[in-house]
Amino acid sequence: ASASVLQGAVLKPNFLLSVSFSLTEVGDVAKQYLEKGLLVPDHVITRLMMAELEIRSSEHWLLDGFPRTLVQAEALDRICDLDLVISLNIPFETLKDRLSRRWIHPSSGRVYNLDFNPPQVQGIDDITGEPLVQKEDDKPEAVAARLRRYKDAAKPVIDLYKSRGVLHQFSGTETNKIWPYVYTLFSNKITPIQSKEAY
């Protein structure tokens, strides 16, 4: 099966940050924040996403994790009309547990999750044998604080798209139970090109 059900690009702000460092001025700005261990500011992420979407204006695309704030949503409004918006309502404790079980291999950026993608040997990178680390912002207390901030920032965005009639919300804790509903919604908007099976 595939993560991409529809013909088009899946665009994630974090991925765009990683590929645009040396290619764009905004990528260079983002790199400066990340090298200092700081979060990339909202306006930098917005510029990065807007630049990419303008390049892809004649394509279908799916945004993952954007917009997260009302400012980002307003910027997106200036260049396009959204067909649909999906909000996954996953219990706070489930999200906190999943996110706090994430470990990384610092030099390569490989990500492991102790539930979904565990290393073959706990605490050790599968390829290099080097130790894995848990980033400070993936520790349970930091994850809880981040989720609260996200919820506060996202509420106006959710309300905006609900008022426009493009918001579709799904609740649950398991991908294989939520996915068929999301797939059906997509299928009613755009013709699927791949299997509906989830991972």
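- Closest approach of P119 and L132 over heavy atoms only: CG-CD1, 3.8 Å.
- Partners of D42 under the salt bridge (Lys or Arg N to Asp or Glu O under 4.0 Å) rule, at least two apart in sequence or in another chain, do not exist in this structure.
- Following chains of ILVMFWY side-chain contacts shorter than 4.5 Å, one can reach L76 starting from L70, so the two form part of one hydrophobic cluster.
- Listed by first and then second residue, the salt bridge (charged side-chain N to carboxylate O under 4.0 Å, His left out) pairs involving residues 75-84 are D77-R164 (not counting sequence neighbours).
- The shortest heavy-atom contact between P106 and P131 is CD-O, 4.1 Å.
- Residues satisfying the salt bridge (Lys or Arg N to Asp or Glu O under 4.0 Å) criterion with R148, sequence neighbours excluded, are absent altogether.
- Shown here for A73 and L160, the closest heavy-atom pair between the two residues is CB-CD2, 4.0 Å.
- In this structure, H43 NE2 and R47 CZ are separated by 6.5 Å, a value rounded to the nearest 0.5 Å.
- Residues satisfying the salt bridge (Lys or Arg N to Asp or Glu O under 4.0 Å) test with K162, not counting sequence neighbours, are none.
- Separating the CD atom in E136 from the CD atom in E141 is a distance of 9.0 Å, to the nearest 0.5 Å.
- A donor-acceptor pair is defined here as one N or O able to donate and one able to accept, closer than 3.5 Å; such a pair exists between the side chain of R68 and the backbone of G65.
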task: Could you go through the side-chain contact (heavy atoms from CB on, under 4.5 Å) check for S171 and Y181 one step at a time?
output: CA-CA 10 Å; S171 298; Y181 298 103; over 6 Å; no
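- With hydrophobic clusters built from ILVMFWY side chains whose heavy atoms lie under 4.5 angstrom apart, Y150 does not share a cluster with I158.
- One distance of note links CG of L48 with OG1 of T46; it measures 9.5 Å at 0.5 Å rounding.
- Hydrophobic cluster of I55: no remaining members, since no ILVMFWY side chain lies below 4.5 Å from it.
- Within the hydrophobic cluster formed by Ile, Leu, Val, Met, Phe, Trp and Tyr side chains joined at under 4.5 Å, directly or through other members, V111 is accompanied by I104, V133.
- Annotation: salt bridge (charged side-chain N to carboxylate O under 4.0 Å, His left out) contacts involving residues 125-134, sequence neighbours excluded, comprise R110-D125.
- Hydrophobic clustering, defined by side-chain heavy atoms of Ile, Leu, Val, Met, Phe, Trp and Tyr closer than 4.5 Å, groups I124 together with V121.
- Taking each heavy atom of V157 and P67 in turn, the nearest pair found is CG1-O, 4.1 Å.
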task: Would you check, one step at a time, whether the test side-chain contact (heavy atoms from CB on, under 4.5 Å) holds for L167 with D159?
output: CA-CA 9 Å; L167 178 70; D159 292 345; over 6 Å; no
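- Of all the heavy atoms in L63 and F66, the pair that sits closest is CB-O, 3.3 Å.
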- request: Let me see the working for V85 and H168 under side-chain contact (heavy atoms from CB on, under 4.5 Å), right down to the final yes or no.
  value: CA-CA 6 Å; V85 174; H168 300 269; over 6 Å; no
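- If you take CZ on F170 and CH2 on W179, they are separated by 10.0 Å, rounding to the nearest 0.5 Å.
- Hydrophobic clustering keeps M50 apart from V71 (ILVMFWY residues linked when any side-chain heavy atoms are closer than 4.5 Å, directly or through intermediates).
- With rounding to the nearest 0.5 angstrom, the CG atom of L84 is 11.5 Å from the OH atom of Y161.
- Remark: E54 engages no residue in a salt bridge (Lys or Arg N to Asp or Glu O under 4.0 Å) (not counting sequence neighbours).
- Note that OG1 of T69 and CD of E74 are 8.5 Å apart. Values are rounded to the nearest 0.5 Å.
- In this structure, Q120 has no side-chain hydrogen bond (donor to acceptor under 3.5 Å, both in side chains) partners at least two apart in sequence or on a different chain.
- Taking each heavy atom of V166 and L82 in turn, the nearest pair found is CG1-O, 3.9 Å.
- H105 and T128 share a side-chain donor-acceptor pair at under 3.5 Å.
- When the side-chain hydrogen bond (donor to acceptor under 3.5 Å, both in side chains) test is applied to K177, no partner is found at least two apart in sequence or on another chain.
- Residues Y112 and F116 fall into different hydrophobic clusters, defined by Ile, Leu, Val, Met, Phe, Trp and Tyr side chains chained together at heavy-atom separations under 4.5 Å.
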Show the atom names and distances, to 0.1 Å, of all donor-acceptor pairs under 3.5 Å that link a side chain in residues 88-103 to residues at least two apart or in another chain.
residue	atom	partner	partner atom	Å
R98	NH2	T173	O	2.1
S100	OG	K96	O	2.8
S100	OG	D97	O	3.2
R101	NE	D115	OD1	3.0
R101	NE	D115	OD2	3.0
R101	NH2	D115	OD1	3.3
R102	NE	D138	OD1	3.4
R102	NE	D138	OD2	3.2
R102	NH2	D138	OD1	2.8

